[in-house]
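Heads up, the thing below is written out as structure tokens.
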Protein chains: 2
Amino acid sequence: VTPEDLAVYLVTDPVYPGTRTVADVCLEAVQAGVRIVQLRDKQASTRSLVEQARALKASLGPLGARVLINDRVDVALAAGADGVHLGQDDLDLRDARRLLGPAAIVGVSVLTPQQARAAERDGASYLAASPVFGTPTKPEAADTLGLEGLRRLRAVRLPLVAIGGIKSDNATEVVAAGADGVAVVSAIMAAEDVPAACRALARAVAEGRRARRAPGS
Amino acid sequence: VTPEDLAVYLVTDPVYPGTRTVADVCLEAVQAGVRIVQLRDKQASTRSLVEQARALKASLGPLGARVLINDRVDVALAAGADGVHLGQDDLDLRDARRLLGPAAIVGVSVLTPQQARAAERDGASYLAASPVFGTPTKPEAADTLGLEGLRRLRAVRLPLVAIGGIKSDNATEVVAAGADGVAVVSAIMAAEDVPAACRALARAVAEGRRARRAPGS
């Protein structure tokens, strides 16, 4: 995974798309430049997850996007997805890497530099700084990183995506603080105009990168 | 898996053990003759499931018991469990068999002879006739097999365990109707005296087998 792949990273949620399907929103997002889609559906049965993952891989893979599965290595293996994203309560990274093999993408959510260093040591493909801000998707999250916590995670050299409460109007400062890109749920899943939402996020990320390169400006 | 392995089959549930741990109850049950324990905990995180599965395998494996994981092939692979048990909404049997390999135990819950034949064709190790009776554990189950539905599943030659509302006082008729054994949750997990509950179930199963061999009596 390159930092560029992480620029705008979509995490799915079955509650947002309204009359559209999750698959429709993902396809629109990838057509608008998103390169990684993480399938996340904590309520779905395993069978439904595999079916959803296969459908996403079939529709998005030919466009060059990668499909990751939240938490479920079994679903990733069964569906031939590109990898998984692991939280700190999910499968241990070393187990996931062993089961998925060296070529799979295995991302890990981290809140502290210690977690980030452990994930780097154990073979993570990228890190997700999570959560940067509070979010209705994960109301149980007690701690948020803020921009200062995000900066501290930059000690690790792995590609780093930021998640949690990020919209196009704060993506610039998140990237300026050190993230390579932004992962979003509602900012794309709930958008009326998905391509416009993706483009707005991409512009904000590009602006953040410019600000990082020219910190005095 | 032999029919004898299925005689008394324990499915765990985190809500029942009270002051004891699930692991304590499983160990007592295996010491009292149970040969298969299925770890089932729909609320646990993946990490917790792997930890629970490893602990069960470490404590029960040396006693000759097998540890299966409900639904989660990833957990079974990570923990080195003996296999999985799949419902009709879980991973497809063919995917599970492919991921786990030919030596793993892969059981499948079935309600109809069609599902039973499909599971036999696709490489199931054993079948679970589920649910035979109504049960508080799965209140959402709309249909129950009853003894007549259970008899119809005997058309398939795979080892067959019955589950759903089974106690020592109805295990005999369930086995007489064709099951090789009985899978229980609360009849063991909620028992004050776990070894006594296991022995009572084993006696009832043995009586059912005698009745099956002498159907005129």
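No hydrogens, no waters, no symmetry mates; every other heavy atom, side chains included, goes into these values. Chain letters run A, B, ... following the sequence lines, proteins first, then strands; residues in each count from 1.
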* Structure fact -> Whatever's closer than 4.5 Å to a heavy atom in chain B on Arg98(A) counts as side chain

* Asked: Which answer fits Leu77(B), side chain, backbone, both or neither, if we ask what part of it has an atom under 4.5 Å from a heavy atom of chain A?
  -> both

* Asked: Would one find more than 12 heavy atoms of other residues, nucleotides or ligands at under 6.0 Å from atom CD of Glu192(A)?
  -> no

* Structure fact -> Between the CG atom in Leu49(B) and the CG atom in Asp89(A), the distance rounded to the nearest 0.5 Å is 11.0 Å

* Structure fact -> Most heavy-atom pairs under 4.5 Å with chain B, out of Asp95(A), Asp90(A), Val50(A), Asp92(A), belong to Asp90(A)

* Quick one: of Gln88(B), Arg72(B), Arg94(B), who has the most non-hydrogen atom pairs under 4.5 Å with chain A? -> Arg72(B)

* Does CD belonging to Gln43(A) count more than 12 external heavy atoms closer than 6.0 Å? -> no

* Shortest non-hydrogen separation from Asp71(B) to Asp74(A) and the atoms involved -> O-OD2, 4.3 Å

* **Leu91(B) side chain near Arg47(A) side chain, heavy-atom distance below 4.5 Å** => no

